[in-house]
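Everything below concerns the one structure shown next.
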Amino acid sequence: MTLLNQLSYILIGFSYTFLLINKIYFGFAIILGIILLMISNRPLNLNFAFKAKKVNFFFYLTISLFSISTLISILIDRSIPVLIYLTIFILLGLNIFFILKKKNIDYQMIEKFLVISIIINVLTIFIYNFWNYQISAFEVKKFKGILNIITPLVLLLPFFNKKKVNYAFILILFPALFYGNSNAPFLGILSGLIICLLFFLNSRLKLSNKFIFTIFLTISPIILYKASNILPNKFDENSIKNQTFEIPVKLVDAHRQFIWGFSLEKFKERPFLGYGPDTSNFLEGSQKKIGHPQTGTMPFIPSHPHNFLIELLLDVGIIGALSFILFIFFLNLEIYKISTNYQKYFLLFFNAYFWGASFVNFSFWLGWWQGSYFFILSIMATKIYIENKEIKPSD
């Protein structure tokens with residue numbers, strides 16, 4: 001094992017411990033780790049094509065549609081950088097898989113460091129939150145946002161290492177979430193559990209994946225249309241003042257309902273290619289004070305709609321959003337095909353968690369959140385590939 005390999009293993013494996021310190025440190029650690037891994041295992045190859053034709057097609061279609069949205073963006077100088085780093089995150093993140101499956105790479109060492117890092121992270125957050133928790137304040141904010149990505153990593157511990165002791169760290173996670181008053185992770189966990197339950201039931205019913213996905217694509221527009229009708233859709237002073245909420249505010253807070261309603265109304269004005277990546281904060285009326293008693297003085301959109309799907313619809317339109325969703329689906333389908341039944345539960349749970357939590361939290365364009373998805377997915381795919389080389393993908 002070369003010194004460069006050892007350093008790259010440490011940087012990649014402990015990247016999420018660097019995240020506890022600073023998001024920039026996290027990005028630096030993971031990118032430098034990948035680059036060092038590539039340098040020490042020449043020839044340097046970046047794979048710009050996947051073996052599955054559908055993954056290739058929807059990847060390039062997505063980038064093309066996002067590029068068109070960027071060219072017609074209301075703020076092109078803001079849209080260009082986020083498009084560039086999204087493309088880099090996808091290619092660099094997924095290229096970890098192509099690098100790590102090489103024979104001379106010690107994947108188990110990276111996995112070992114990653115497991116240690118996850119354990120250090122959850123213990124650090126638990127101790128810090130417990131020590132600093134005050135009933136009057138109700139929450140400890142320091143690690144609140146970071147818990148959104150630490151949570152699935154802790155819950156993936158049995159995937160990476162089946163030792164029973166890992167379940168003890170999962171138990172520690174929940175009081176850490178309570179002290180941090182983190183709601184998005186609970187929605188992510190609920191989404192993951194629901195998907196796993198549906199997968200379990202489907203394993204008994206034997207429905208085809210194509211049938212399930214067709215049902216999903218059919219139902220989703222209906223739900224979206226229904227949501228656009230029950231959310232606030234008039235934003236003059238009188239309508240805001242007299243707004244009654246059809247969705248209980250205990251389920252979805254009043255501020256978020258105004259954000260979603262405003263975003264969907266704006267989406268209807270440019271439904272096909274949107275306003276441009278990462279421009280929602282600059283739409284006309286987006287910084288107007290809501291003025292409703294239940295929202296205080298909060299503006300309509302504080303930088304993004306707090307819902308990845310609505311944000312995609314708003315920024316890149318329905319065509320771009322659908323293409324991206326299909327890319328993610330077919331990408332995961334290739335991993336799913338070579339997974340054992342045990343691994344499929346974790347793959348489904350991770351995806352349901354990540355996109356479920358994304359319905360209420362970070363902007364889709366947030367770099368470390370985007371990058372984390374493709375990095376974790378690639379690490380999972382590597383483990384699945386290494387352990388199941390003899391499994392032939394099914395159609």
Side-chain angles (χ1 to χ4, degrees), residues 16 19-20 23 118 121-122 124-130 132-156 169-197 223 227 230-232 245-264 280 290 292-312 349-366 368-370 372-373 376:
Y16 282 95
L19 181 61
L20 297 189
K23 296 179 180 68
I118 294 169
N121 294 349
V122 70
T124 300
I125 294 173
F126 171 77
I127 293 170
Y128 182 90
N129 285 2
F130 175 79
N132 291 278
Y133 182 76
Q134 295 179 353
I135 295 177
S136 58
F138 192 65
E139 67 179 6
V140 183
K141 294 184 177 181
K142 182 175 176 63
F143 298 112
K144 183 175 181 178
I146 293 173
L147 272 168
N148 286 282
I149 201 63
I150 297 300
T151 295
L153 286 170
V154 174
L155 295 173
L156 285 173
F169 299 111
I170 293 176
L171 293 176
I172 290 173
L173 171 68
F174 288 95
L177 291 173
F178 171 78
Y179 293 132
N181 191 26
S182 300
N183 296 319
F186 284 112
L187 177 59
I189 293 169
L190 179 61
S191 301
L193 291 176
I194 290 173
I195 290 297
C196 287
L197 176 61
I223 296 173
I230 63 177
L231 288 166
F245 300 100
E246 294 188 45
I247 302 174
V249 293
K250 289 184 178 181
L251 184 63
V252 180
D253 63 87
H255 183 213
R256 191 167 267 108
Q257 291 194 45
F258 274 115
I259 291 173
W260 292 353
F262 176 84
S263 299
L264 288 173
S280 58
I290 298 175
H292 190 277
Q294 291 180 268
T295 64
T297 59
M298 290 185 178
F300 279 137
I301 302 180
S303 78
H304 62 94
H306 289 271
N307 181 303
F308 91 94
L309 181 57
I310 293 177
E311 186 172 16
L312 275 176
F349 180 87
F350 169 67
N351 276 278
Y353 173 93
F354 187 91
W355 299 112
S358 293
F359 273 115
V360 295
N361 64 0
F362 300 125
S363 168
F364 170 79
W365 305 105
L366 191 63
W368 70 271
W369 183 244
Q370 265 182 6
S372 288
Y373 175 77
I376 296 171

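If you read the sequence from its start, that first residue is 1, and numbering goes on from there. Because the structure is a prediction, the values reported are computed rather than measured.
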Check your understanding: Between W369 (side chain) and F364 (backbone), is there a donor-acceptor pair under 3.5 Å?
Key -> no

Exercise for review: Determine the interplanar angle of the F362 and W368 rings, folded into 0 to 90°, and report it as parallel if under 30°, tilted if 30 to 60°, perpendicular if over 60°.
Suggested key: perpendicular

Check your understanding: Roughly how far, to the nearest 0.5 Å, is NE2 of H255 from CD1 of I301?
Key -> 9.0 Å

Review point. Among L153, V154, L147, which residue meets the side chain to side chain contact (heavy atoms under 4.5 Å, CB included) test with V122?
Key: V154

Practice item. Sort out for me which residue in L187, L366, N148 forms a side chain to side chain contact (heavy atoms under 4.5 Å, CB included) with N361. Key: N148

Check your understanding: Ring centroid separation for F258 and F245, is it under 6.0 angstrom?
Key -> yes

Exercise for review: Test L156 against I118 for side-chain contact (heavy atoms from CB on, under 4.5 Å), laying out the working first.
Suggested key: CA-CA 10 Å; L156 285 173; I118 294 169; 6.0 Å; no

Practice item. Identify the heavy atoms of I290 and P299 that sit nearest to each other, and give their distance. Key: CD1-O, 3.9 Å

Point to revise | CD1 on I310 to CG on L231, rounded to 0.5 Å | key: 7.0 Å

Check your understanding: Looking at CE of M298 and CZ of R256, how far apart are the two atoms once the value is rounded to the nearest 0.5 Å?
Key -> 9.5 Å

Exercise for review: Evaluate the ring-ring contact (aromatic ring centres under 6.0 Å, His included) criterion for residues F143 and F126: first the C-alpha distance (whole Å), next the side-chain angles of each, then the deciding distance (0.1 Å), finally the verdict.
Suggested key: CA-CA 10 Å; F143 298 112; F126 171 77; over 10 Å; no

Revision key, fill the gap. For N129 and A176, the nearest pair of non-hydrogen atoms, with its separation, is ND2-O, 3.2 Å

Practice item. Nearest 0.5 Å please: distance from the CH2 atom of W355 over to the CZ atom of F350. Key: 8.5 Å

Review point. Between atom OG of S303 and atom CD of E311, what is the distance when rounded to the nearest 0.5 Å?
Key: 8.0 Å

Study note, to complete from the structure: Between S191 and G356 the two heavy atoms that sit nearest each other are OG-CA, 3.7 Å

Practice item. Could you tell me which non-hydrogen atom of V252 sits nearest to which non-hydrogen atom of Q257, and how far apart they are? Key: O-NE2, 2.8 Å

Review point. Does a side-chain heavy-atom distance below 4.5 Å link F186 with L190?
Key: no

Check your understanding: Would K142 and Y128 count as a side-chain contact (heavy atoms from CB on, under 4.5 Å) if you check the C-alpha gap in whole Å, the side-chain angles of each, and the deciding distance to 0.1 Å?
Key -> CA-CA 9 Å; K142 182 175 176 63; Y128 182 90; 3.2 Å; yes

**Study point:** Side chain to side chain, I376 and Y16, heavy atoms closer than 4.5 Å
**Key:** yes

Point to revise | Approximate separation, where rounding is to 0.5 Å, of L19 CG and I149 CD1 | key: 8.5 Å

Review point. Run the side-chain contact (heavy atoms from CB on, under 4.5 Å) check on W260 and I247 step by step: do they pass?
Key: CA-CA 12 Å; W260 292 353; I247 302 174; 5.9 Å; no

Practice item. May I have the step-by-step check of side-chain contact (heavy atoms from CB on, under 4.5 Å) for I195 and F349, ending in yes or no? Key: CA-CA 7 Å; I195 290 297; F349 180 87; over 6 Å; no

Check your understanding: Which atoms form the tightest heavy-atom contact between T151 and P185, and what is the distance?
Key -> OG1-CB, 3.8 Å

Practice item. State whether the side chain of N307 and the backbone N or O of F359 hold a donor-acceptor pair below 3.5 Å, judged by distance alone. Key: yes

Review point. How far apart are the closest heavy atoms of I259 and P302, and which atoms are they?
Key: CD1-CD, 3.8 Å

